[in-house]
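Encoded as structure tokens, the structure appears first; notes follow it.
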There are 2 protein chains.
Amino acid sequence: MEYSGKQIAIINAATKLFAEKGFDGASVRDIAHEADVNVAMISYYFGSKEKLMEAVFEDKTNNIKLKVENLLQDEGISHLQKVNILIDDYVDKFIHQQEFHKIMMREQLIDKNTPVACLIHELKKRNLESIKKLIQDGQKSGAFKKNIDIVLMMTTMVGTVSQMITAQHFYKKVNNLEHMDEMEFQKLMRKKLSAHLKNLFKQILTTDEQR
Amino acid sequence: MEYSGKQIAIINAATKLFAEKGFDGASVRDIAHEADVNVAMISYYFGSKEKLMEAVFEDKTNNIKLKVENLLQDEGISHLQKVNILIDDYVDKFIHQQEFHKIMMREQLIDKNTPVACLIHELKKRNLESIKKLIQDGQKSGAFKKNIDIVLMMTTMVGTVSQMITAQHFYKKVNNLEHMDEMEFQKLMRKKLSAHLKNLFKQILTTDEQR
DNA sequence: AAAACTTAATTAAACGTTTGTTTAGTTTTA
DNA sequence: TAAAACTAAACAAACGTTTAATTAAGTTTT
């Protein structure tokens with residue numbers, strides 16, 4: 001789908017306000033004002049507020065797919081290195097698209113089978129399948145141990161990053177990092193999260209579980 | 001604050017619907033209908049929808065405080081055992097009060113300094129202080145290693161459990177657990193999460209980080 | 001103990017806003 | 001000059017809240 005300048009402005013304004021206030025909290029007039037267009041343009045271009053949300057999803061999910069497929073083929077790097085690259089990729093994507101990820105978190109909390117919920121479901125399933133392959137490759141080669149609950153492992157990755165973004169003000173405050181500008185702080189978060197998750201994953205994947 | 005039967009009904013209805021649909025998504029008429037009371041009773045008893053949300057928080061945060069204070073004094077158990085008890089306690093509270101925790105997650109996503117946001121902030125700060133003591137005790141005794149990023153560790157605990165609850169339908173589906181009834185599935189989640197987090201925390205706290 | 005009075009609980013209806021969407025008309029573009 | 005882009009205004013529906021009237025419960029007076 002090719003979007004005009006105004007349509008892109010609307011999608012970006014919607015992304016910002018849906019992330020800040022939620023779908024019901026952000027009115028179409030808010031969005032139109034933020035995008036600097038007439039209210040009617042939203043219905044005119046997207047049909048409805050609901051459809052606008054779907055357009056946001058179609059637009060933002062294109063840049064969000066993990067680069068795990070190319071990783072699988074690569075034979076020059078170790079299995080653990082592949083996992084580490086995956087972690088870096090995920091953390092990067094999440095931080096650079098915070099707004100959209102916040103929208104995803106909200107939508108997942110809703111107890112309904114909306115079109116958007118299905119999109120998220122498919123996205124997660126596709127990601128999980130790829131990662132499963134990557135882990136199982138490592139298991140076959142003996143680099144990773146058996147009996148890994150991959151879904152639970154992914155839950156920790158997604159959950160840790162989500163929680164960090166959600167509570168970043170809290171993290172800033174308790175660590176006395178309020179002097180930092182936004183860019184600098186994002187870099188720090190990225191670094192800390194990556195190192196932390198790589199450490200955790202190494203333990204999950206390669207160390208024997210204690211019983 | 002002592003609440004009458006109807007007031008409790010309103011608070012519980014609000015908790016359910018705020019969790020399902022969010023603050024803006026749940027109308028006062030929805031809530032009144034769910035609680036089987038007249039719409040006007042909400043303003044009559046609580047003043048406003050906003051104040052009702054605050055009442056929900058005051059009511060539900062009373063049963064949510066972690067039992068970490070008593071743990072600190074106890075000298076009969078090891079430092080790692082204390083952490084394990086803390087994990088069990090947290091997982092239990094989260095699963096048994098899913099609805100309220102979903103509300104908390106949503107509220108944390110909002111970029112505003114609402115009274116409710118302050119309540120969450122204080123709750124988290126208090127919890128963090130207690131856990132800090134518990135960890136530092138273990139460090140002084142030599143049971144835990146130095147240089148632990150406690151906030152990051154807590155982010156993983158909170159994040160993993162949150163993510164599991166948020167995406168529990170997904171977890172059910174990919175593990176072919178859809179035949180399970182709700183109670184049985186909650187037991188499984190509780191067990192899996194506890195074991196997983198205990199394993200992770202043991203690594204974070206006692207194993208030397210690889211560099 | 002009955003009647004009178006007071007306060008609290010409860011209701012249906014109405015209030016003024018704000019909501020998402022549509023209309024009918026105007027301007028711009030090709 | 002026909003199609004597309006755009007606008008201000010109007011639309012009905014839903015929103016949170018208030019009102020005015022009624023019922024229930026409790027207290028005081030006779």
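First the proteins, then the strands, lettered A, B, ... as listed; each starts at 1. This is a predicted model, so every value here is computed, not measured.
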Fill in the blank from the handout: A/R29 atom CZ is separated from D/dA8 atom C1', nearest whole Å, by 12 Å
Exercise for the section: Could you tell me whether A/S43 contacts a base, only the sugar-phosphate backbone, or nothing, with contacts defined as non-hydrogen atoms closer than 4.0 Å? Expected result: base
Problem - Atom pair distance, as rounded to whole Å: CD1 in A/I10 and C1' in D/dT7 - result: 14 Å
Practice task
Starting from P on C/dT21, measure out to OH on A/Y45 and report it in whole angstrom.
Solution key: 17 Å
Problem - Whole angstrom value for the distance that separates C1' of C/dT10 from CD of B/Q7 - result: 13 Å
Handout entry: Distance in angstrom units between B/E50 CD and D/dT17 C1', rounded
Key = 14 Å
Practice task
Assign B/S4 to base, sugar-phosphate, or nothing according to its heavy-atom contacts below 4.0 angstrom with the strands shown.
Solution key: nothing
Practice task
Mind checking B/A32 for me? I need base, sugar-phosphate or nothing, with any heavy atom below 4.0 Å counting as a touch.
Solution key: nothing
Handout entry: Parallel, tilted or perpendicular: rings of A/F23 and A/F18 (30°, 60°)
Key = tilted
Exercise for the section: Would you confirm whether B/R29, through its side chain, and B/V39, through its main-chain N or O, come within 3.5 Å as a donor-acceptor pair? Expected result: no
Practice task
Return the value, rounded to whole Å, for the distance between atom CG of A/D24 and atom P of D/dA14.
Solution key: 14 Å
Completion exercise
Correct closest heavy-atom pair for B/F100 and B/T15 would be N-CG2, 4.2 Å
Exercise for the section: Ignoring backbone atoms, test whether B/Y44 places a side-chain nitrogen or oxygen under 4.0 Å from the OP1 or OP2 oxygen of C/dA9. Expected result: yes
Practice task
Would you kindly give the CG-to-P distance between A/N38 and C/dT28, to the nearest whole Å?
Solution key: 15 Å
Practice task
Check the distance between D/dT22's P and B/M41's CE and give it to me in whole angstrom.
Solution key: 18 Å
Practice task
Compare side-chain N and O positions of A/K6 against OP1 and OP2 of D/dC6 and report whether any pair is under 4.0 Å apart.
Solution key: yes
Fill in the blank from the handout: The residue among B/K49, B/K16, B/K21 that forms salt bridge (charged side-chain N to carboxylate O under 4.0 Å, His left out) with B/D30 is B/K21
Practice task
Using only side-chain N and O atoms of B/K49, determine if any of them is under 4.0 Å from OP1 or OP2 of D/dT17.
Solution key: no
